[in-house]
> 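Here you go, one structure.
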Amino acid sequence: MAASGSNRPMESRTGRVKQRYNTKGERLVAGVVPLSADKSYVLLIQSTRRKGWVLPKGGWELDEECTEAAAREAWEEAGILVTIDYDLGDIQETSPRKKHSSSGKSKQKEVALYRFYEATVNSEEIEWPEKEKRERKWFTFAEAYEQLKDRPELQAALERSTMKR
């Protein structure tokens with residue numbers, strides 16, 4: 001894998017071979033609420049699966065600590081280098097979305113348990129692994145909360161942060 005000047009991989013991890021699950025079979029997901037230094041803005045990224053904005057998040061893998069997974073996802077998806085400031089705790093996915101199988105029939109998608117961290121954005125890199133797939137944009141609390149209206153688990157993470165309202 002090619003690496004950026006900061007020795008970060010320029011390719012995203014893919015697949016679920018190393019994915020962590022808890023004893024209930026829930027997929028463990030790590031994410032960040034990436035804030036500006038003055039806590040006035042949060043950085044959201046464009047979802048690749050459907051229209052709209054989301055917080056950087058992804059699977060917590062077996063070979064890393066949860067904070068490392070959160071910082072890795074911030075890098076891969078948003079191209080940001082962050083300092084993890086606070087553990088915002090676990091947030092249960094409230095409404096599992098349906099996943100369509102190749103036969104066209106819908107089936108329940110696996111349920112996720114999210115662990116979010118408040119993080120300060122130290123730098124926004126020009127090049128990052130998912131640059132071609134995602135946009136990133138700064139929002140105020142009210143703007144971000146509205147953008148996340150279809151994702152109550154992401155709204156909950158934002159609410160738990162110390163971001164200025």
Side-chain angles (χ1 to χ4, degrees), residues 1-4 6-35 42-50 52-102 105-125 128-134 136 144 147-148 150-163:
M1 269 194 261
S4 69
S6 59
N7 290 328
R8 294 194 173 269
M10 288 302 286
E11 294 175 22
S12 295
R13 290 186 178 195
T14 57
R16 300 242 170 117
V17 175
K18 295 187 207 175
Q19 174 63 56
R20 286 183 193 247
Y21 294 87
N22 65 13
T23 56
K24 296 179 191 173
E26 296 167 320
R27 178 173 176 249
L28 301 180
V29 175
V32 294
V33 177
L35 302 179
V42 61
L43 189 74
L44 299 184
I45 57 170
Q46 197 75 57
S47 172
T48 58
R49 292 208 168 94
R50 57 189 183 280
W53 296 91
V54 295
L55 293 166
K57 62 183 174 22
W60 173 17
E61 298 187 353
L62 296 170
D63 63 345
E64 59 193 351
E65 295 299 321
C66 195
T67 52
E68 293 171 327
R72 175 179 54 76
E73 291 295 339
W75 163 246
E76 289 177 358
E77 295 186 349
I80 53 177
L81 305 181
V82 299
T83 299
I84 302 289
D85 298 316
Y86 304 108
D87 183 340
L88 299 174
D90 290 338
I91 300 172
Q92 185 69 52
E93 185 171 43
T94 52
S95 56
R97 294 169 304 284
K98 294 199 176 182
K99 181 179 182 179
H100 294 281
S101 67
S102 56
K105 294 181 182 178
S106 64
K107 58 182 181 178
Q108 275 312 99
K109 184 180 175 224
E110 63 191 353
V111 175
L113 180 64
Y114 294 87
R115 168 64 59 94
F116 276 96
Y117 297 90
E118 182 173 313
T120 300
V121 176
N122 300 319
S123 70
E124 291 178 70
E125 300 299 304
W128 72 92
E130 297 186 15
K131 179 181 180 178
E132 300 304 318
K133 295 196 272 186
R134 298 183 189 271
R136 61 186 177 194
Q147 291 295 328
L148 301 174
D150 295 330
R151 299 295 301 272
E153 66 279 6
L154 304 186
Q155 283 183 323
L158 185 65
E159 287 176 322
R160 290 181 187 185
S161 78
T162 63
M163 183 181 183

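Given the structure is predicted, the values throughout are model-derived calculations rather than measurements.
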> Considering residues at least two apart in sequence or located in another chain, which fulfil the side chain to side chain contact (heavy atoms under 4.5 Å, CB included) criterion with Thr23?
none
> List for me each residue that meets ring-ring contact (aromatic ring centres under 6.0 Å, His included) alongside Trp53, sequence neighbours excluded, and say none if there are none.
Phe139
> Taking the side chain from Arg134 and the backbone from Gly79, do they hold a donor-acceptor pair closer than 3.5 Å?
no
> Mind checking side chain to side chain contact (heavy atoms under 4.5 Å, CB included) for Ala74 and listing every partner two or more places apart, or none if nothing turns up?
Val32, Ile80, Val82
> Any donor-acceptor pair under 3.5 Å linking the side chain of Glu93 with the backbone of Ala112?
yes
> Can you name the salt bridge (Lys or Arg N to Asp or Glu O under 4.0 Å) partners of Glu68, sequence neighbours left out?
none
> Name all residues meeting the ring-ring contact (aromatic ring centres under 6.0 Å, His included) criterion together with Tyr117; count only those two or more places apart in sequence or in a different chain, and write none if there are none.
none
> For Thr48, give me all partners under side chain to side chain donor-acceptor pair (under 3.5 Å), at least two apart in sequence or on another chain.
none
> I'd like to check the salt bridge (Lys or Arg N to Asp or Glu O under 4.0 Å) partners of Glu118; sequence neighbours left out, ordered by chain and number.
Lys39
> Which residues pass the salt bridge (Lys or Arg N to Asp or Glu O under 4.0 Å) test with Arg136, sequence neighbours left out?
Glu124
> Using the test salt bridge (Lys or Arg N to Asp or Glu O under 4.0 Å), find all partners of Asp85 that sit at least two apart in sequence or belong to another chain.
none
> Can you list everything that forms a side chain to side chain donor-acceptor pair (under 3.5 Å) with Glu26? Sequence neighbours excluded, please.
Asn22, Gln92
> Hey, what do you get for CD (Glu73) to CD (Glu61), rounding to the nearest 0.5 Å?
7.5 Å
> Holding to side chain to side chain donor-acceptor pair (under 3.5 Å), I want the full list of residues that pass it with Ser47, two or more places apart in sequence or in another chain.
none
